[in-house]
Amino acid sequence: MKNNLLFDFKVDKKTKTVFVDKEFAADLSLVWDAFTKKELLDQWWAPKPYISKTKQMDFREGGMRFYVMVGPEGQEHWAIQKYKSITPKSNFTYLNAFADKDANPNLPGSDWDLSFSEQNGKTTVNIVIVNDSLERLEQMIEMGFKEGFTAALQQLEAVL
């Protein structure tokens, strides 16, 4: 990311955790919406040339997002996010897992904790991703999660 906004990505294999801190030059309400509304999520969630298509989303505690990332040759990678807690415009948590096209999760998954804060017209999102196993963390890394998520966050900057 070629600007002076904070971007930090760390992997801690000992705790099976990924830490991502990202600052955006946008107000908190807009950044929150980009993470919680399907019409905005689908504009940036998948790294190009993939596209994100949300089949179902109910952003509430106990609700879920069921989506697919579609590759340039039509290959599909389904995933599900089950929302566990939501504090509006401040924090939300969910279980993320790969899934089949019928929304059956492929466990183990990972627990995501996203916190949002605003200062001086910039919004910072702190993301903590805890994996159920070291194997799951290593699978994420091997699949190119850092590169893919970094590219997606760059797309989010353009959307904002």
If you look at every heavy atom in [X] and [Y], which pair is closest and at what distance?
| X | Y | value |
| --- | --- | --- |
| Val31 | Val125 | CG1-CG2, 3.7 Å |
| Met57 | Thr54 | CB-CG2, 3.8 Å |
| Gly148 | Pro47 | O-CB, 3.4 Å |
| Pro108 | Ser133 | CG-OG, 4.2 Å |

Ignoring hydrogens and angles, tell me if any N or O in the side chain of [X] forms a donor-acceptor pair with the backbone of [Y] under 3.5 Å.
| X | Y | value |
| --- | --- | --- |
| Ser52 | Met69 | no |
| Asp27 | Ser29 | yes |
| Thr17 | Thr15 | yes |
| Glu157 | Leu153 | no |
| Asp12 | Lys14 | yes |
| Gln155 | Ala46 | yes |

Among residues at least two apart in sequence or on other chains, which ones pass salt bridge (charged side-chain N to carboxylate O under 4.0 Å, His left out) with [X]?
| X | value |
| --- | --- |
| Glu135 | none |
| Lys10 | Asp8 |
| Lys55 | none |

Nearest 0.5 Å please: distance from the [atom1] atom of [X] over to the [atom2] atom of [Y].
| X | Y | atom1 | atom2 | result |
| --- | --- | --- | --- | --- |
| Ile86 | Thr36 | CD1 | OG1 | 8.5 Å |
| Ser110 | Asn131 | OG | CG | 5.0 Å |
| Gln119 | Leu28 | CD | CG | 12.5 Å |
| Glu138 | Ile141 | CD | CD1 | 6.5 Å |
| Leu40 | Asp33 | CG | CG | 6.5 Å |
| Glu118 | Thr123 | CD | OG1 | 4.5 Å |

If you apply the rule side chain to side chain contact (heavy atoms under 4.5 Å, CB included), what do you find for Lys146 with Val11, and how did you get there?
CA-CA 9 Å; Lys146 180 178 182 179; Val11 175; over 6 Å; no
Kindly indicate, with the supporting measurements, whether the criterion side chain to side chain contact (heavy atoms under 4.5 Å, CB included) is fulfilled by Leu41 and Tyr67.
CA-CA 10 Å; Leu41 270 166; Tyr67 68 98; over 6 Å; no
Do we see a donor-acceptor contact under 3.5 Å between the side chains of Ser117 and Thr124?
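There is no such pair (donor and acceptor under 3.5 Å, judged by atom type) between the side chains of Ser117 and Thr124.
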Side chains of Asn91 and Asp113 only: does a donor on one sit below 3.5 Å from an acceptor on the other?
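A pair is found: one side chain offers a donor N or O, the other an acceptor, under 3.5 Å apart.
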Assign the ring pair Phe116 / Phe35 to parallel, tilted or perpendicular, where the plane angle (0 to 90°) is split at 30° and 60°.
perpendicular
Would you call the rings of Tyr94 and Phe92 parallel, tilted or perpendicular, where under 30° means parallel and over 60° means perpendicular?
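The rings of Tyr94 and Phe92 lie parallel, inter-plane angle below 30°.
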Salt bridge (charged side-chain N to carboxylate O under 4.0 Å, His left out) partners of residues 56-76, not counting sequence neighbours, each pair once
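Sorted result for residues 56-76: Asp42-Arg65, Asp58-Arg60.
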For residues 79-95, the salt bridge (charged side-chain N to carboxylate O under 4.0 Å, His left out) pairs (sequence neighbours left out) are Lys84-Asp111
Check: Phe9 and Asp21 side chains under 4.5 Å, non-hydrogen atoms:
no
Starting from [X] and following side-chain heavy-atom contacts under 4.5 Å between hydrophobic residues (I, L, V, M, F, W, Y), which residues can be reached?
| X | value |
| --- | --- |
| Val130 | Phe19, Val128 |
| Phe98 | Met143 |
| Met64 | Ile51, Phe66, Val68, Val70, Trp78, Ile80 |
| Leu95 | Leu107 |

With sequence neighbours excluded, tell me which residues meet ring pair (Phe, Tyr, Trp, His ring centres under 6.0 Å) with Phe24.
none
Ionic contact status for Arg136 with Asp132, cut-off 4.0 Å:
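Answer for the salt bridge query: no.
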Report the C-alpha distance between Gln81 and Tyr83 in whole Å, list the side-chain angles of each, state the deciding distance to 0.1 Å, and finish with yes or no for side chain to side chain contact (heavy atoms under 4.5 Å, CB included).
CA-CA 6 Å; Gln81 297 170 339; Tyr83 301 110; 3.5 Å; yes
Under the side chain to side chain contact (heavy atoms under 4.5 Å, CB included) test, residues paired with Ala152 that sit two or more places apart:
Trp44
List in chain and number order the residues that pass side chain to side chain contact (heavy atoms under 4.5 Å, CB included) with Pro72, two or more places apart in sequence or in another chain; answer none if no residue qualifies.
Pro49, Tyr50, Gln75
Kindly indicate, with the supporting measurements, whether the criterion side chain to side chain contact (heavy atoms under 4.5 Å, CB included) is fulfilled by Lys13 and Leu134.
CA-CA 7 Å; Lys13 287 190 176 186; Leu134 182 58; 4.0 Å; yes
